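Some notes on the structure that comes next.
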Amino acid sequence: MKRTAHCGQLRAGDVGQEVILNGWVNRRRDHGGLIFIDMRDRSGIVQIVFDPPTSEEAHAIATEVRPEFVMAVHGTVQRRPQGTENPDLPTGDVEVIAGEAEVLNPAETPPFSFVDETETDELVRLKYRYIDLRSPRMQRNLRLRHQAAQATRGFLTQEGFWEVETPILFKPTPEGARDYLVPSRVSPGNFYALPQSPQILKQLLMVSGVEKYFQLARCLRDEDLRADRQPEHTQIDIEMSFVEQDDIFRLTERLFAHIFKETINVDLPIPFPRMTYAEAMRRYGTDKPDIRFAMELTDLTDIAEGCEFEIFRRTVAQGGQVKGIKAEGCGDYSRSQIDQLTEFAKVHKAQGLVSMAVTESEIKSPMAKFFTEEELGQIADRYQAKAGDLVLMVADKPEIVAESLDWLRREMGHRLGLIDENEFAPLWVTEFPLFAWDEGEKRWDAEHHPFCMPHPDDFELFQTDPGEVRAQAYDVVLNGVELGSGSIRIHRRDIQQQVFDVLGIDPEEAERRFGFLLRAFEYGTPPHGGIAPGFDRLVMMLCGENNIREVMAFPKTQRAQDLMSGAPSPADPDALRELHIKLDLPPSE
RNA sequence: GGGGCUGUAGCUCAGUCGGUUUAGAGUGCCGGCCUGUCAAGCCGGAGGUCGCGGGUUCAAGUCCCGUCAGCCCCGCCA
């Protein structure tokens with residue numbers, strides 16, 4: 001019985017139609033005489049009625065089927081009897097009266113059900129992912145992912161981009177993460193690296209005159225996992241020639257707006273607001289602020305400097321900062337609530353948390369006695385604090401003040417319900433630092449990668465203060481999630497050399513690691529730049545999920561295992577021999 | 001590598017201060033009844049290595065130690 005219609009698409013207008021449906025048994029309700037089966041295919045669910053007078057044979061088959069059996073039904077669409085319509089179902093006005101039925105394939109009793117409301121442990125879902133993916137939630141996520149991919153391809157094609165595939169077997173790229181290595185059989189002892197991104201390759205494509213390149217590129221990194229990090233992920237890799245930062249911003253904004261419109265029918269406001277890295281750190285303590293709510297960090301260092309409170313004064317004297325946030329209406333927090341917030345701040349590296357509750361008449365604080373009336377008034381003024389507000393302050397090194405207050409701000413934002421879950425608030429964060437100091441290794445590292453173009457005003461800082469050199473590098477942030485990074489690249493050899501000098505990469509090392517790229521740059525390289533939005537994270541936001549695994553068909557666990565297949569698994573000894581690989585494993589047990 | 005949470009029936013969970021018979025509930029599964037349900041209903045039944053190993057104790061699902069797995073976070077990583 002070959003399918004002529006789809007379950008979820010039948011409507012009142014189809015009444016009288018003879019249809020053949022193929023699908024799975026979602027649920028079965030056996031009334032002895034009458035049997036109802038909710039039949040499911042990718043399009044949705046429709047109720048099938050098995051009535052003995054209509055077909056004794058079909059009814060007999062319906063008696064035998066069980067959840068997740070695959071079946072075919074031949075029947076007629078009819079309007080449901082008055083009063084039995086199901087308003088919760090798009091197909092709820094109609095049902096199919098079965099004249100003929102066939103079991104295409106029986107099914108074992110499923111290990112879990114997605115039909116009821118209970119949420120199944122992810123361990124079980126991942127082990128039986130092929131069943132999990134049948135659920136409405138996962139089907140919607142896969143569909144949205146597909147639509148987002150199509151919207152991306154459609155938009156960029158319209159804009160004149162070419163999709164170019166770059167190799168998966170390549171050479172270590174300078175992204176800083178650990179590489180996945182693949183041994184070469186024909187070249188014993190040599191290894192390919194799986195690309196952490198097509199960064200170098202897309203720059204080479206600019207040298208090649210492609211001018212506008214994109215790729216839904218798989219990127220691989222052998223690092224530990226998180227809710228938003230998998231060993232392999234997909235990015236919308238984009239590179240353009242003869243462009244400036246603004247060109248990439250405009251393109252990305254229109255791309256995002258297009259994707260949001262095409263997938264979830266949301267109008268993203270463009271252009272996106274912009275904020276420098278320095279400003280983001282100052283106002284929010286993070287380079288990826290969630291600007292759906294305010295609660296900005298307020299600097300009190302100047303007040304703290306002269307106060308009697310030893311911890312504040314000493315911290316400032318040692319080059320630290322005192323900053324804080326205002327939690328509106330939390331002035332009545334109990335001692336234990338404050339203690340709990342203090343613990344929270346300590347988990348995020350702060351030494352402690354100083355609180356001040358504003359009342360009609362005074363400012364209450366465990367530390368109040370160390371401050372003059374005037375100082376307390378200044379603090380309250382700076383926050384424009386009203387009676388009933390709570391001010392939370394951290395004194396420490398700038399990095400720690402930023403990090404702990406960022407966590408605290410997001411925590412309080414959630415608690416106080418300041419975040420509109422239906423809002424999308426994109427943001428450009430610009431002028432990232434070019435270099436970051438590695439305290440452990442006592443050297444400068446590339447903050448992004450070593451091919452980012454420095455800010456034109458900052459060249460004189462290369463010798464004097466590399467940490468202050470800004471890059472023409474930017475992130476696109478959405479609701480506090482970093483969705484993508486990009487930069488204008490260096491296309492001139494002399495500038496590249498200046499960057500290598502700071503990074504301590506001598507000509508010999510440069511030649512060994514990316515000589516092929518530097519050589520390419522000598523043969524006529526256009527100015528170019530690009531961006532790489534993370535596709536999984538983008539889809540995650542479209543789906544309203546807060547975990548990247550929910551938008552990937554077959555994700556891995558935190559230990560980078562695939563619970564369904566058991567990968568990774570030991571290699572066949574013959575295969576290892578052929579690769580000239582001997583294992584040297586740590587002793588077990 | 002480190003911190004936190006979790007692990008009891010296929011699934012979701014309860015199990016008090018260490019002690020009441022055979023470790024419970026809902027759901028699912030199996031069987032029976034049932035012609036308008038849509039989480040169908042009613043009756044009956046099966047189903048357990050309390051993650052695993054060790055220890056304390058007269059007695060351990062419960063306490064202690066170790067270990068494994070999943071999740072969240074730090075480190076790491078755009």
Side-chain angles (χ1 to χ4, degrees), chain A residues 26-39 45-54 59 66-68 78 80-89 91-92 95 97 108-128 131-132 175-179 196-197 199 219-231 233 235 287-288 343-344 346-349 403 407 429 432 436 438 440 445-449 452 473-477 481-487 531-534 536-537 546-547 549 555-559 561 563 588-589:
Chain A
N26 199 62
R27 227 194 268 268
R28 179 173 157 275
R29 293 176 293 279
D30 187 344
H31 287 237
L34 202 60
I35 297 176
F36 299 100
I37 287 179
D38 292 337
M39 192 167 172
I45 288 173
V46 71
Q47 173 166 281
I48 319 281
V49 186
F50 296 83
D51 187 29
T54 307
H59 180 267
R66 292 293 179 270
E68 301 307 316
Q78 63 179 28
R80 289 196 186 195
Q82 185 121 39
T84 66
E85 299 89 352
N86 184 348
D88 298 332
L89 221 52
T91 61
E95 60 193 9
I97 180 88
E108 293 292 322
T109 302
F112 67 97
S113 174
F114 51 78
V115 176
D116 56 23
E117 306 292 308
T118 57
E119 224 173 276
T120 305
D121 196 296
E122 202 183 353
L123 184 82
V124 180
R125 292 175 52 207
L126 288 177
K127 186 169 176 188
Y128 300 96
I131 299 173
D132 186 42
E175 308 278 324
R178 195 177 290 117
D179 287 311
Q196 295 177 30
S197 90
Q199 180 62 36
C219 302
L220 300 112
R221 303 194 171 113
D222 187 5
E223 296 291 349
D224 287 350
L225 287 76
R226 287 283 191 286
D228 61 353
R229 269 163 35 190
Q230 282 272 310
H233 76 278
Q235 63 188 35
D287 60 2
K288 46 181 188 337
E343 275 313 303
F344 182 86
K346 282 181 175 171
V347 166
H348 299 289
K349 297 179 187 163
E403 185 177 338
W407 277 97
V429 177
F432 270 74
D438 185 331
D445 271 343
E447 172 80 18
H448 195 71
H449 55 64
C452 292
Y474 35 82
D475 277 3
V476 58
V477 174
V481 175
E482 179 206 314
L483 273 191
S485 299
S487 64
I531 189 164
D536 309 272
R537 287 184 186 175
N546 49 24
N547 185 316
R549 294 186 299 276
K556 293 180 178 59
T557 67
Q558 204 156 50
R559 286 183 63 246
Q561 308 251 345
L563 294 179
S588 58
E589 279 145 88

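Throughout, protein chains are lettered first and strands after them, A, B, ... in sequence-line order, and every chain is numbered starting at 1. Keep in mind the model is a prediction, meaning the values are calculated, not measured. Heavy atoms only: backbone and side chains are in, while hydrogens, waters and symmetry mates are out.
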Q | Separation of atom CZ in A:Phe432 from atom P in B:A78, rounded to whole Å | A | 13 Å
Q) Does any N or O in the side chain of A:Gln196 come within less than 3.5 Å of the main-chain N or O of A:Ala177, such that one atom is a donor and the other an acceptor? A) yes
Q: Could you tell me which nucleotide pairs with B:G24 by Watson-Crick or G-U wobble geometry, both distances under 3.5 Å, or answer none if nothing does?
A: B:C13
(Q) In this structure, how many angstroms lie between the P atom of B:G2 and the NZ atom of A:Lys346, rounded? (A) 24 Å
**Q.** Which residues share a side chain to side chain contact (heavy atoms under 4.5 Å, CB included) with A:Arg549, sequence neighbours left out
**A.** A:Glu122, A:Gln230, A:Asn547, A:Pro555
Q. Can you check the A:Asn547 CG to B:G70 C1' distance for me, whole Å?
A. 12 Å
(Q) Checking contacts here: which listed nucleotide (B:C71, B:A78, B:C11) is nearest the side-chain heavy atoms of A:Val124? (A) B:C11
Q. What distance, rounded to whole Å, do you find between the two C1' atoms, one in B:G45 and one in B:U6?
A. 33 Å
**Q.** Phosphate contact (B:A78 OP1 or OP2) by A:Gln235 side-chain N/O below 4.0 Å
**A.** no
Q.
Just to be sure I understand the rule, does A:Pro67 reach a base, reach only the sugar-phosphate, or reach nothing, if contact means heavy atoms closer than 4.0 Å?
A. sugar-phosphate
Q. So which nucleotide does B:A46 pair with, by the Watson-Crick or G-U wobble rule with both distances under 3.5 Å?
A. none
Q. Which of the following nucleotides, B:U12, B:C73, B:A78, is nearest to the side chain of A:Arg226?
A. B:C73
Q: Using a strict 4.0 Å threshold on nitrogen-to-oxygen distance, state whether A:Lys288 and A:Asp475 make a salt bridge.
A: no
**Q.** A:Arg125 (side chain) donor-acceptor with A:Thr120 (main chain) under 3.5 angstrom
**A.** no
Q.
What contact category does A:Gln558 fall into here, base, sugar-phosphate, or nothing, at under 4.0 angstrom with non-hydrogen atoms?
A. base
Q.
What is the distance, to the nearest angstrom, from the OH atom on A:Tyr128 to the P atom on B:G28?
A. 19 Å
Q: Could you encode protein contacts along nucleotides 33-40 of chain B as a string, one character per nucleotide from 5' to 3', using B for base contact, S for sugar-phosphate-only contact and - for no contact, with a heavy-atom cut-off of under 4.0 Å?
A: -BBBBBSB
Q.
I'd like the C1' distance from B:U56 over to B:C13, given in whole Å.
A. 30 Å
Q.
Whether A:Lys127 contacts B:C11 is assessed here as follows: a side-chain N or O lying under 4.0 Å from the phosphate OP1 or OP2. Is that the case?
A. no
(Q) Could you tell me if the side chain of A:Thr91 sits less than 4.5 Å from the side chain of A:Gln47, heavy atoms only? (A) no
Q) Mapping A:Glu119 and A:Leu563 onto RNA chain B by nearest heavy atom, which one lands closer to the 5' end? A) A:Glu119
Q. In whole Å, what separates the P atom of B:U12 from that of B:C33?
A. 33 Å
Q) Base, sugar-phosphate alone, or nothing: which one does A:Thr120 contact when heavy atoms must sit under 4.0 Å apart? A) sugar-phosphate
Q) How would you label the contact of A:Arg549 with the nucleic acid (heavy atoms, under 4.0 Å): base, sugar-phosphate, or nothing? A) sugar-phosphate
Q) Considering residues, nucleotides and ligands other than A:Gln561, do more than 12 of their heavy atoms fall under 6.0 Å from its CD? A) yes
Q.
By nearest atom, which of the nucleotides B:G31, B:U12, B:G75 is closest to the A:Lys349 side chain?
A. B:G75
Q. Would you call the rings of A:Phe112 and A:Tyr128 parallel, tilted or perpendicular, where under 30° means parallel and over 60° means perpendicular?
A. tilted
Q.
Taking atom types as they are modelled, would you say the side chain of A:Arg229 forms a donor-acceptor pair with the base of B:C76 within the 3.5 Å cutoff?
A. yes
(Q) Give me the distance, rounded to whole Å, that separates B:G66 from B:C43 when you measure between the C1' atoms they each carry. (A) 49 Å
**Q.** Watson-Crick or G-U wobble partner of B:A69, both distances under 3.5 Å
**A.** B:U6
Q.
Please determine whether any donor N or O and acceptor N or O are separated by less than 3.5 Å between the side chain of A:Glu447 and the base of B:A78.
A. yes
Q: Please tell me which of the listed nucleotides, B:C11, B:C76, B:C73, lies nearest to the side chain of A:Asp224?
A: B:C76
Q.
Let's test your reading of the model: under 3.5 Å, does the base of B:G70 pair with the side chain of A:Arg125 as donor and acceptor?
A. no
Q: Flag the pair A:Asp38 and A:Arg29 as a salt bridge only when some basic side-chain nitrogen lies within less than 4.0 angstrom of an acidic carboxylate oxygen.
A: yes
Q) Okay, side chain of A:Arg80, backbone of A:Gly92: is any donor-acceptor separation there less than 3.5 Å? A) yes
